[in-house]
Participant: 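I have a structure I would like to understand better, so I am pasting it below and will then ask my questions one at a time.
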Amino acid sequence: MDAGQELSEREAWVFQAKLAEQAERYDEMADFMKKVALTDTELSTEERNLLSVAYKNVIGAKRASWRIISNVESKNKDNKKLVEKESQRFRELIETELTDQCTEIIALLDDHLIKSSKEHDSLVFLKKMKGDYYRYMSEYASGETRDIVVDNSKKAYEAAQEECVTGQLSATNPILLGLALNFSVFNYEILGNPKKACSIAKEAFDNAIHYLDQLSDDSYKDSTLIMQLLRDNLTLWTSDNDLGDKQPSESSGPSEEPEKPAE
């Protein structure tokens with residue numbers, strides 16, 4: 001950009017989002033990227049990554065808080081009523097915040113981002129995101145609500161898989177590998193189906209290994225990182241199954257796709 005040239009409104013929002021990321025102010029980062037999403041134009045790769053980083057960090061902090069409070073609550077069931085009552089109140093507050101924020105990003109995806117996207121890579125990425133945020137709600141939802149969000153998550157991941165086929169994404173494409181990683185985690189943690197989880201992860205890993213020599217320099221780092229996470233999860237899940245345990249231990253849960261920070 002030439003010196004003195006003014007930023008467009010969209011460029012200003014993206015720049016402000018980058019500043020917010022540097023300052024680790026992820027709520028504000030998400031607000032700026034929401035404005036970009038509402039323009040109903042296809043996101044660039046950079047904009048897509050910024051949006052993902054913003055919401056993943058906002059939600060990630062609350063998911064971590066929910067796990068801590070749930071752990072406190074479970075350990076204090078036989079203790080004072082006040083502890084139990086306050087733990088439950090705090091947990092339910094976090095769940096409400098999680099639901100509000102997950103619902104917000106899913107609405108952005110459904111009403112704006114997916115509709116305005118035409119590139120297959122972008123559609124896979126966004127449909128995977130939709131599956132992820134329904135999965136996050138599945139972690140704490142119960143009853144009929146849980147059935148609905150679990151089903152929505154599964155459908156979103158499957159739609160992303162179909163888009164991979166339609167767009168003929170390569171086996172080493174980091175977006176395809178990220179989808180396989182997160183969908184396998186969904187099957188293991190949410191559906192309690194370790195056989196399916198291992199099948200998804202192993203197929204993606206083996207296919208990528210076969211074409212590893214065809215990886216471009218641009219995607220080598222991202223693809224090999226996700227391949228390592230797929231292998232780590234397979235090792236963890238195989239070990240858990242050998243012990244007759246369907247669920248991972250609290251201290252060594254499976255890895256999800258890492259967020260790629262903006263350059």
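Any value given below was found using the heavy atoms of this structure, including those in side chains, with hydrogens, waters and symmetry copies removed.
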Participant: side-chain contact (heavy atoms from CB on, under 4.5 Å) with L169: which residues, sequence neighbours excluded?
Facilitator: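 For L169, the residues satisfying side-chain contact (heavy atoms from CB on, under 4.5 Å) (neighbours in sequence not counted) are H120, D121, V124, C164, N173, L176.
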Participant: Keeping E189 on the side-chain end and F186 on the backbone end, is there a donor-acceptor pair under 3.5 Å?
Facilitator: no
Participant: Can you list the residues that meet the side chain to side chain donor-acceptor pair (under 3.5 Å) rule with R25, with sequence neighbours excluded?
Facilitator: E28
Participant: Any pair with a residue in residues 94-109 that passes side-chain hydrogen bond (donor to acceptor under 3.5 Å, both in side chains), sequence neighbours left out, goes on the list, sorted by first then second residue, please.
Facilitator: Y55-E104, W66-E95, R91-E95, T99-Y140
Participant: S199: what forms a side-chain contact (heavy atoms from CB on, under 4.5 Å) with it, not counting sequence neighbours?
Facilitator: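 With sequence neighbours excluded, S199 shows a side-chain contact (heavy atoms from CB on, under 4.5 Å) to no residue whatsoever.
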Participant: With sequence neighbours left out, what residues match R146 under side-chain contact (heavy atoms from CB on, under 4.5 Å)?
Facilitator: A141, V150, I190
Participant: Has S153 got a side-chain atom pairing as donor or acceptor with V149's backbone, closer than 3.5 angstrom?
Facilitator: no
Participant: Start with the C-alpha distance between I106 and M137, add both sets of side-chain angles, then the distance that settles side-chain contact (heavy atoms from CB on, under 4.5 Å), and finish with yes or no.
Facilitator: CA-CA 11 Å; I106 289 169; M137 288 194 283; 3.6 Å; yes
Participant: For E119, which residues count as a salt bridge (charged side-chain N to carboxylate O under 4.0 Å, His left out) partner, sequence neighbours excluded?
Facilitator: none
Participant: Who passes side chain to side chain donor-acceptor pair (under 3.5 Å) against K196, sequence neighbours left out?
Facilitator: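 K196 satisfies side chain to side chain donor-acceptor pair (under 3.5 Å) with no other residue.
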Participant: Looking only at heavy atoms, which two atoms of I94 and S65 are closest? And how far apart?
Facilitator: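 Distance-wise, the nearest heavy atoms are CD1-CB, 3.8 Å.
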Participant: Mind checking what makes side chain to side chain donor-acceptor pair (under 3.5 Å) contact with D31, not counting sequence neighbours?
Facilitator: none
Participant: Please list, chain by chain and in numerical order, all residues satisfying side-chain contact (heavy atoms from CB on, under 4.5 Å) with D206, sequence neighbours excluded.
Facilitator: K202
Participant: Just by modelled atom types, is the V36 backbone N or O under 3.5 Å from a matching donor or acceptor in the T39 side chain?
Facilitator: yes
Participant: Under the salt bridge (charged side-chain N to carboxylate O under 4.0 Å, His left out) rule, what pairs show up with a residue in residues 159-179, not counting sequence neighbours?
Facilitator: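 Counting only pairs at least two positions apart or across chains, the salt bridge (charged side-chain N to carboxylate O under 4.0 Å, His left out) contacts touching residues 159-179 are K127-E163.
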Participant: With sequence neighbours left out, what residues match F205 under ring-ring contact (aromatic ring centres under 6.0 Å, His included)?
Facilitator: none
Participant: Rounded to the nearest 0.5 Å, how far does CE of M129 lie from OH of Y134?
Facilitator: 13.0 Å
Participant: How close do S223 and L177 get, heavy atom to heavy atom, and via which atoms?
Facilitator: O-CD1, 3.7 Å
Participant: Do N187 and N193 get their side chains close enough for a donor-acceptor pair, meaning under 3.5 Å?
Facilitator: no
Participant: Which pairs, with at least one residue in residues 147-160 and sequence neighbours excluded, count as a salt bridge (charged side-chain N to carboxylate O under 4.0 Å, His left out)?
Facilitator: D151-K155, K154-E158
